[in-house]
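Along the sequence shown, the residues carry numbers beginning at 1. The analysis underlying the following values was restricted to heavy atoms, covering all of them including side chains, and did not include hydrogens, waters or symmetry mates.
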Amino acid sequence: MSNQKLTNYNLLRKEALKQGAELFGVADISKEKKNFELQQDVLKNFNWAVCLVIPLSASILNTIEAAPNKIYFHHYRIANSLLDQIAFKLANFIQAKGFRALPIPASQILNWQKQSAHLSHKKIGYLAGLGWIGRNNLLVNQDLGCQFRLVTILTDMPLKIGRPLKKDCDSCRACIEVCPVGAIKEKKEDFDYQRCFEKLKEFQKSGAVGQYICGICVKACKG
């Protein structure tokens with residue numbers, strides 16, 4: 001690793017934490033970007049992805065019982081908005097240093113049926129070494145569990161990269177026990193997207209929340 005990559009990493013991490021990020025990581029996306037839902041002529045310039053994390057309020061998550069509620073929905077939107085603002089500022093910081101930067105919205109779904117977006121923030125977080133993919137199909141951090149939101153910035157700024165963690169949920173099955181539709185299985189590969197999506201639609205139609213969110217397994221996963 002070059003000294004410049006480490007210098008850039010430390011500079012960017014310091015700025016990210018200053019702007020309000022709790023966790024900072026960098027992933028090599030040179031082999032992953034072909035899977036992104038973005039123009040390949042734009043992506044050709046980017047080989048690094050910066051992942052930023054902010055924690056959710058445990059007190060607000062504790063208000064969730066059998067379904068998400070309006071206070072959680074508001075908190076969820078504020079967290080995503082804050083992440084987008086941090087990513088916007090950090091992208092401008094990178095650009096001012098003479099590099100390209102493309103912030104990807106924290107919560108902009110392209111296909112709800114497949115629960116897919118321009119890219120998978122959780123996959124970037126995994127590649128950056130910020131956690132592992134849990135049984136509930138979410139990124140799990142050893143300290144925060146799933147109780148956080150994250151955002152991504154693509155860049156051509158050479159940076160020190162993280163590595164995926166060799167960890168998993170081990171004996172914890174808290175998310176399996178609370179899932180109201182049994183979408184979460186013993187193996188993460190068996191996660192039932194369709195059952196999860198149908199429940200999200202039910203929550204949204206009930207008027208409790210304005211979009212397809214749940215939060216039940218997030219509340220249960222504390223790392």
Side-chain angles (χ1 to χ4, degrees), residues 1-56 76-111 114-133 138-144 146 148-167:
M1 179 180 63
S2 69
N3 289 334
Q4 190 58 53
K5 285 184 178 181
L6 180 58
T7 298
N8 290 343
Y9 176 92
N10 289 334
L11 178 69
L12 205 55
R13 181 179 182 275
K14 181 179 179 181
E15 183 64 21
L17 298 184
K18 175 183 174 183
Q19 293 297 340
E22 178 81 9
L23 298 177
F24 173 94
V26 179
D28 178 353
I29 57 167
S30 57
K31 296 179 180 178
E32 181 68 22
K33 60 185 178 180
K34 63 180 182 296
N35 300 316
F36 296 171
E37 294 292 333
L38 291 160
Q39 301 98 315
Q40 291 301 310
D41 62 329
V42 173
L43 290 173
K44 67 182 181 182
N45 296 312
F46 302 121
N47 285 320
W48 291 273
V50 176
C51 182
L52 307 174
V53 168
I54 60 170
L56 293 171
Y76 179 91
R77 290 189 299 172
I78 291 297
N80 289 329
S81 176
L82 177 57
L83 280 167
D84 286 338
Q85 291 178 52
I86 295 172
F88 181 85
K89 292 177 181 179
L90 198 61
N92 281 344
F93 180 85
I94 294 170
Q95 189 167 282
K97 298 297 180 183
F99 300 98
R100 297 181 178 91
L102 176 61
I104 305 298
S107 182
Q108 189 174 63
I109 301 298
L110 301 180
N111 186 321
K114 297 180 179 179
Q115 297 182 33
S116 63
H118 291 99
L119 54 74
S120 171
H121 295 298
K122 66 185 178 186
K123 181 66 177 293
I124 300 301
Y126 166 74
L127 294 173
L130 296 183
W132 62 92
I133 304 302
L138 298 176
L139 184 69
V140 182
N141 176 267
Q142 59 186 5
D143 297 318
L144 300 176
C146 288
F148 60 88
R149 297 293 297 163
L150 60 167
V151 74
T152 301
I153 304 169
L154 307 182
T155 185
D156 62 352
M157 185 183 208
L159 295 164
K160 182 189 79 167
I161 60 171
R163 302 291 183 186
L165 301 178
K166 294 181 179 180
K167 292 188 177 184

Using 0.5 Å steps for rounding, measure from the [atom1] atom of [X] to the [atom2] atom of [Y].
X    : Y    : atom1 : atom2 : result
F24  : L130 : CZ    : CG    : 9.5 Å
L83  : R149 : CG    : CZ    : 7.5 Å
L154 : L43  : CG    : CG    : 6.5 Å
L127 : L165 : CG    : CG    : 11.0 Å
E22  : I86  : CD    : CD1   : 10.5 Å
Q108 : E37  : CD    : CD    : 12.0 Å

Minimum side-chain heavy-atom gap [X]-[Y] below 4.5 Å:
X    : Y    : result
V50  : L159 : yes
I104 : L102 : yes
K123 : N35  : no
I29  : L119 : no

Worksheet entry | Distance-only side-chain donor-acceptor flag, N10 / K160, under 3.5 Å |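 Absent: no donor and acceptor within the cut-off.
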
Worksheet item: Of the non-hydrogen atoms in A101 and F46, which two are nearest, and what is the gap between them?
Response: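 Result for this residue pair: N-CE2, 4.1 Å.
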
Discussion item. Main chain of A106, side chain of D84: is a donor-acceptor contact present, judged purely on distance under 3.5 Å?
Written reply: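 It does hold such a pair.
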
Discussion item. Is it the case that the side chain of T152 and the backbone of C51 share a donor-acceptor pair, with hydrogens and angles ignored and the cut-off at 3.5 Å?
Written reply: no

Practice prompt. Enumerate the residue pairs fulfilling ring pair (Phe, Tyr, Trp, His ring centres under 6.0 Å) with a member in residues 80-105, sequence neighbours excluded, ordered by first and then second residue.
Written response: none

Worksheet item: Around atom NZ of K33, are there more than 12 heavy atoms of other residues, nucleotides or ligands at under 6.0 Å?
Response: yes

